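Report on the following structure.
Since the structure is predicted, the reported quantities are computational estimates derived from the model, not experimental observations. Letters go in sequence order (proteins before strands), and every chain restarts at 1.
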Amino acid sequence: MAEKILLKGNEAIAHAAIHCGCDGYFGYPITPQSEVMETLMAQKPWETTGMVVLQAESEIASINMLYGGAGTGKRVMTSSSSPGISLMSEGISYLAGAELPCLVVDVQRGGPGLGTIQPSQSDYFQATKGGGHGDYKIIILAPAYGQEMYDFVELGFELAFKYRMPAMILADGVIGQMMEKVEIKEQKPRWTKEEILKISPWAATGKTADRKRNIITSLDLDPISQEQHNIHLQEKYRQVEENEVRYTEYRSEDAEHLIVAFGCMARIAETAIDRAREQGIKVGLIRPITLFPFPKKPIEKLLPQLKSMMSIELNAGQMVEDLKVIANGKVPVHFFGRMGGVVASPDEIYEAIINKLK
Amino acid sequence: MKEEIIIAGFGGQGVLSMGKILAYSGIMQDQEVAWMPSYGPEMRGGTANVTVILSDNKISSPILNAFDTVITLNQQSLDKFESKVKPGGLLIYDPNGITHKPTRTDITICSIDAAEECAKIGNPKGYNMVVLGAFLKMKPIVKMDNVLKGLKKSLPARHHNLIPLNEQAINVGMDKVKVEFEVK
């Protein structure tokens with residue numbers, strides 16, 4: 001039987017990286033995710049799997065190290081928190097433009113600016129709508145449990161390589177700092193050179209006589225071919241939207257009021273939903289696991305039975321805009337949130353349900 | 001079974017590690033567990049608290065408004081969390097330095113003078129284990145052999161020689177906890 005151990009979400013990320021055969025981690029410390037690199041340094045994977053762990057001189061350096069590593073077909077990752085992700089955003093745009101697979105972990109804290117070190121979800125826009133410049137998308141996985149922090153590392157790499165695009169784990173300080181029971185998987189070997197050549201024939205692995213050189217770049221000065229590249233990217237994003245939507249539902253079968261919440265807020269909302277159900281209010285939950293692609297269809301499917309929807313987020317109202325597009329005026333869409341690092345309690349959410357949905 | 005606990009005191013009193021040992025003991029008997037610290041810029045001397053949830057079922061919210069058990073190890077924590085005990089629940093406090101005692105009459109109130117008790121057995125570092133013992137006496141939700149397994153899991157191997165000392169401290173806590181008020 002697989003071993004179950006008590007881990008912080010951040011520690012689970014580090015263990016998962018080693019266990020799934022990640023080739024390299026490049027990061028710069030920032031609360032509330034510093035345990036990722038701390039754990040990697042303590043585990044010393046360079047002595048076992050050969051994984052590189054490097055504290056870069058800055059976030060900007062880290063993300064550009066990912067660009068280099070990903071360009072050679074290696075599985076590389078970084079982790080940071082909100083202000084650090086802002087610094088990385090230029091690099092993420094370049095990675096998306098050059099179609100490079102990699103994994104970025106964002107354990108969000110309250111902003112704007114240096115903000116606070118307490119949990120937040122105020123980077124939903126940054127993660128799902130760009131962050132950097134240009135028409136690009138990255139795959140966003142939003143874990144709500146320590147086990148998901150562990151599992152989404154391998155899943156993130158899998159999706160990143162399947163579609164040749166960056167993937168992000170968008171967590172928050174609650175999930176990063178909380179310890180839960182995590183089931184550890186068996187150690188997988190890192191990819192061999194032969195495997196890399198097979199999986200990523202586009203990678204810069206050293207030109208041989210039998211193939212043309214591979215060029216990793218996001219630059220193409222010819223607008224016509226740049227447009228073709230953009231069309232290709234958009235087609236890829238539509239495929240991702242078609243195939244990779246992930247979500248969970250809670251008491252939504254007969255729901256008249258639907259709560260949509262991700263990450264820690266979904267769990268806190270579940271407790272509030274149980275209480276509202278005791279009062280006879282038919283309320284249910286959809287928890288998007290992928291924020292891009294957003295679970296649009298499952299919510300649309302429930303629309304005919306709904307009287308209202310409500311987005312619960314640790315921000316001033318970001319995901320609620322996507323819900324309003326889905327609702328398209330058919331049902332009212334409410335919002336409840338706390339900001340700046342304050343985590344909403346089950347009682348507050350219950351009150352919000354009573355006040356706004358009843 | 002579901003037990004929602006908060007342990008609150010000064011940083012350095014072993015609040016977080018006591019919670020961790022309790023959570024690990026829960027894992028050893030195949031329960032779902034959550035350990036949610038208040039994290040902040042404060043270090044030793046500041047306030048620290050941790051929520052621990054042990055449950056037979058999947059745990060929803062790790063953020064709670066009220067607790068089955070509140071354990072406070074200083075006056076600030078007692079002032080802050082006495083009102084957060086669910087009616088009929090349990091409050092355990094360290095009376096050392098307490099000038100305003102708990103006043104509720106709808107909960108069970110116990111005290112454990114853990115500093116004095118661990119000093120008596122010559123193990124001042126066993127403070128938090130004495131407190132853990134007091135809790136386990138009042139609410140034996142995890143079996144002692146699972147606590148010892150939990151200790152083994154949460155302590156680095158080089159400290160496994162200290163497990164008998166910790167066990168002794170837990171037993172002292174079980175023995176010395178005082179029920180000051182029992183709710184009917």
Exercise. Can you say whether A/Ala144 sits under 4.5 Å from chain B via the side chain, the backbone, both, or neither, judging by heavy atoms?
Worked result: neither
Problem set entry | Proximal component of A/Tyr250, with respect to chain B [non-hydrogen, under 4.5 Å] | neither
Got more than 12 heavy atoms from elsewhere within 6.0 Å of [atom1], [X]?
X: B/Lys139; atom1: NZ; result: yes
X: B/Lys120; atom1: NZ; result: yes
X: A/Glu47; atom1: CD; result: yes
X: A/Leu114; atom1: CG; result: no
X: B/Lys84; atom1: NZ; result: no
X: B/Phe67; atom1: CZ; result: yes
X: A/Lys185; atom1: NZ; result: yes

For this session: Mind ranking B/Ala23, B/Gly26, B/Pro62 by heavy-atom pairs under 4.5 Å with chain A and telling me who comes out on top?
Result: B/Pro62
Exercise. Of A/Ile349, A/Asp274, A/Ile268, which is the lone residue that meets side-chain contact (heavy atoms from CB on, under 4.5 Å) with B/Ser61?
Worked result: A/Ile268
Problem set entry | Salt bridge flag under 4.0 Å for residues B/Lys58 and A/Glu270 | no
For this session: Before giving the answer on salt bridge (charged side-chain N to carboxylate O under 4.0 Å, His left out), spell out for A/Lys4 and B/Glu32 the whole-Å C-alpha distance, their side-chain angles and the decisive distance to 0.1 Å.
Result: CA-CA 11 Å; A/Lys4 287 175 184 168; B/Glu32 297 301 319; over 6 Å; no
Problem set entry | Side chains of A/Leu6 and B/Lys20 in contact at under 4.5 Å (non-hydrogen atoms) | yes
For this session: Check step by step if side-chain contact (heavy atoms from CB on, under 4.5 Å) holds for A/Glu180 and B/Val33.
Result: CA-CA 6 Å; A/Glu180 293 190 284; B/Val33 302; 5.7 Å; no
For this session: Start with the C-alpha gap between A/Ile5 and B/Tyr24, add the side-chain angles, then the distance that decides, and say whether side-chain contact (heavy atoms from CB on, under 4.5 Å) holds.
Result: CA-CA 8 Å; A/Ile5 58 175; B/Tyr24 244 127; 3.4 Å; yes
Exercise. Any sub-3.5 Å donor-acceptor pair from B/Asn65's side-chain atoms to A/Asp347's backbone N or O?
Worked result: yes
Exercise. Would A/Met179 and B/Val52 satisfy side-chain contact (heavy atoms from CB on, under 4.5 Å), going step by step from the backbone distance to the final call?
Worked result: CA-CA 9 Å; A/Met179 282 206 277; B/Val52 178; over 6 Å; no
Problem set entry | Between A/Lys8, A/Met265, A/Lys181, the one whose heavy-atom pairs under 4.5 Å with chain B are most numerous | A/Lys181
Exercise. Between A/Val343, A/Thr116, A/Val174, which shows the greatest number of heavy-atom pairs under 4.5 Å with chain B?
Worked result: A/Val174
Exercise. Where do B/Pro37 and A/Met178 come nearest, in terms of heavy atoms and distance?
Worked result: CD-CA, 4.4 Å
For this session: Name the region of B/Ile59, side chain, backbone, both or neither, that has any atom closer than 4.5 Å to a heavy atom of chain A.
Result: both
